[in-house]
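Read the numbers this way: they start at 1 and go in the same order the structure lists the ligands and their atoms.
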Amino acid sequence: GAVVLETKYLLVSQANGVGTIRLNRPQVLNALNLALMDELVRTLKEMERDEEIRCVLLTGGSRCFAAGADIDEMAEASSVEMLLKDQFAQWEYIRRFSKPLLAAVSGYALGGGCELAMACDMIIASETAEFGQPEIKLGVMPGAGGTQRLTRAVGKARAMEMVLTARSLSAREALAAGLINRIVPVELLEQEAREWAEEVAAQAPVAVRLAKQSVLKALDTPLETGLDYEQKLFFFLFSTEDQKEGMRAFKEKRRPRFQGK
Ligand code: CO8
């Protein structure tokens with residue numbers, strides 16, 4: 001059934017196999033407080049269960065994707081309070097989310113905002129997007145992947161520069177560095193992102209799920225282990241009806257009708 005959730009900081013909708021989550025806390029540039037992150041995870045859980053949703057699009061406003069964790073919430077916290085708050089459990093869930101996650105980024109993606117975009121599987125950005133890890137200016141450092149996913153995406157030299165000096169990347173620089181997939185004009189971002197998500201949503205869901213897992217595996221396994229893992233998943237797909245349908249449709253020169261089975 002359709003995802004129905006009361007959310008204060010998110011706008012949630014669904015159409016054509018795509019669940020869309022819009023961060024909506026514009027007064028503070030979509031600062032990611034615990035309540036917002038909790039809503040995000042609860043919405044993702046609903047979308048995980050909803051068979052009609054085959055791809056999730058995460059976006060913000062045109063001026064800002066998200067300007068990071070909520071500084072007001074952290075400013076006076078002690079280490080033990082930060083530890084006990086266990087906020088990264090929410091991020092763990094995002095990491096293990098099985099359906100493809102697309103981020104559509106316009107304006108600021110800073111700190112936790114950049115980390116949230118990087119936790120997605122692909123990033124489409126507007127020309128005004130800006131990606132950065134400015135935590136160092138606050139006397140801290142990234143905590144949700146900003147030293148790890150960023151380094152894997154853009155390499156050590158650029159990651160060091162961004163993390164140690166807070167210099168952010170423009171959309172063009174982020175594209176050249178391999179952090180994002182593509183850039184479109186601001187006014188086209190929503191439509192292009194939706195079309196892209198629908199394209200992913202139209203593929204065979206089980207194949208998509210396992211392919212996503214397999215690509216992510218490449219980031220933290222030796223090649224031989226990764227290749228073994230990939231082969232097992234590849235063989236497994238031959239037990240799905242969608243594999244039979246996909247290959248038959250090719251032979252019959254028609255579009256496949258994938259069922260997720
Ligand atoms: N937290 C709380 N409030 C914020 C945040 C934030 N991260 N960012 C902006 N705001 C608020 C401002 O305080 C301001 O509120 P008010 O109107 O009440 O003064 C309002 O949003 C508008 O912001 P500005 O007036 O500053 O807007 P500007 O256009 O002048 O500047 C900037 C925009 C450059 C984006 C600026 O707001 C800025 O530098 N923001 C902070 C960016 C930052 O340092 N982010 C990193 C935060 S730390 C972090 O993310 C750690 C991640 C750890 C794990 C993740 C857990 C979720």
Side-chain angles (χ1 to χ4, degrees), residues 7-10 21-45 56 58-97 101 103-120 123 125-154 158-171 173-174 179-180 186 189:
T7 49
K8 185 169 170 201
Y9 300 122
L10 308 176
I21 304 174
R22 182 183 298 280
L23 307 175
N24 186 38
R25 212 190 159 205
Q27 328 77 285
V28 286
L29 305 182
N30 293 338
L32 306 168
N33 62 1
L34 284 175
L36 182 155
M37 291 302 296
D38 183 57
E39 288 184 0
L40 176 59
V41 168
R42 281 194 294 124
T43 306
L44 287 173
K45 283 185 177 161
V56 174
L58 180 61
T59 188
S62 61
R63 180 169 171 238
C64 188
F65 178 73
D70 190 323
I71 296 170
D72 294 335
E73 231 177 38
M74 299 180 291
E76 302 303 327
S78 70
S79 322
V80 174
E81 280 161 3
M82 289 300 284
L83 177 77
L84 295 179
K85 200 151 72 164
D86 195 24
Q87 69 192 118
F88 296 118
Q90 296 169 325
W91 291 76
E92 249 331 271
Y93 181 78
I94 298 170
R95 185 171 79 80
R96 288 199 309 264
F97 187 68
L101 262 172
V105 176
S106 189
Y108 300 115
L110 301 178
C114 185
E115 291 170 315
L116 185 58
M118 291 192 294
C120 295
I123 303 175
S126 81
E127 288 157 340
T128 64
E130 186 183 320
F131 298 86
Q133 300 290 160
E135 288 90 340
I136 205 76
K137 290 203 287 188
L138 301 169
V140 287
M141 58 178 276
T147 66
Q148 301 301 302
R149 289 198 181 94
L150 182 68
T151 306
R152 282 167 170 77
V154 306
R158 280 196 196 82
M160 281 292 187
E161 183 176 344
M162 291 173 71
V163 170
L164 300 184
T165 73
R167 195 179 81 75
S168 53
L169 299 183
S170 66
E173 289 172 316
L179 183 64
I180 66 174
V186 182
L189 181 67

Chemist: Extract all N/O-N/O pairs under 3.5 Å that connect ligand 1 to the protein, and present each with both atom names and the distance rounded to 0.1 Å.
Modeler:
{"from": "ligand 1", "atom 1": "1 (N)", "to": "A69", "atom 2": "O", "distance (Å)": "3.4"}
{"from": "ligand 1", "atom 1": "1 (N)", "to": "I71", "atom 2": "N", "distance (Å)": "2.9"}
{"from": "ligand 1", "atom 1": "7 (N)", "to": "A67", "atom 2": "O", "distance (Å)": "3.0"}
{"from": "ligand 1", "atom 1": "7 (N)", "to": "A69", "atom 2": "O", "distance (Å)": "2.8"}
{"from": "ligand 1", "atom 1": "29 (O)", "to": "R63", "atom 2": "NH2", "distance (Å)": "2.5"}
{"from": "ligand 1", "atom 1": "45 (N)", "to": "A67", "atom 2": "O", "distance (Å)": "2.9"}
{"from": "ligand 1", "atom 1": "50 (O)", "to": "A69", "atom 2": "N", "distance (Å)": "2.8"}
{"from": "ligand 1", "atom 1": "50 (O)", "to": "G112", "atom 2": "N", "distance (Å)": "2.8"}

Chemist: Could you walk me through whether R25 and D70 pass side chain to side chain contact (heavy atoms under 4.5 Å, CB included), step by step?
Modeler: CA-CA 11 Å; R25 212 190 159 205; D70 190 323; 2.8 Å; yes
Chemist: Would you name the heavy atoms of N30 and P26 that are closest together and state the gap between them?
Modeler: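 Looking at all heavy atoms of both residues, the closest pair is OD1-N, 3.7 Å.
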Chemist: For residues G60 and F65, report the shortest heavy-atom separation together with the two atoms involved.
Modeler: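 Scanning both residues completely, I find the closest heavy atoms to be N-CD1, 3.8 Å.
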Chemist: Using 0.5 Å steps for rounding, measure from the CE atom of M162 to the CD1 atom of I136.
Modeler: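 If we round to the nearest 0.5 Å, M162:CE and I136:CD1 are 13.0 Å apart.
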Chemist: If we ignore angles and hydrogens, is there a donor and acceptor under 3.5 Å between the side chains of S62 and S106?
Modeler: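 There is no such pair between these side chains.
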Chemist: Quick one: side-chain hydrogen bond (donor to acceptor under 3.5 Å, both in side chains) partners of S170, sequence neighbours excluded?
Modeler: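 side-chain hydrogen bond (donor to acceptor under 3.5 Å, both in side chains) list for S170, sorted by chain: E173.
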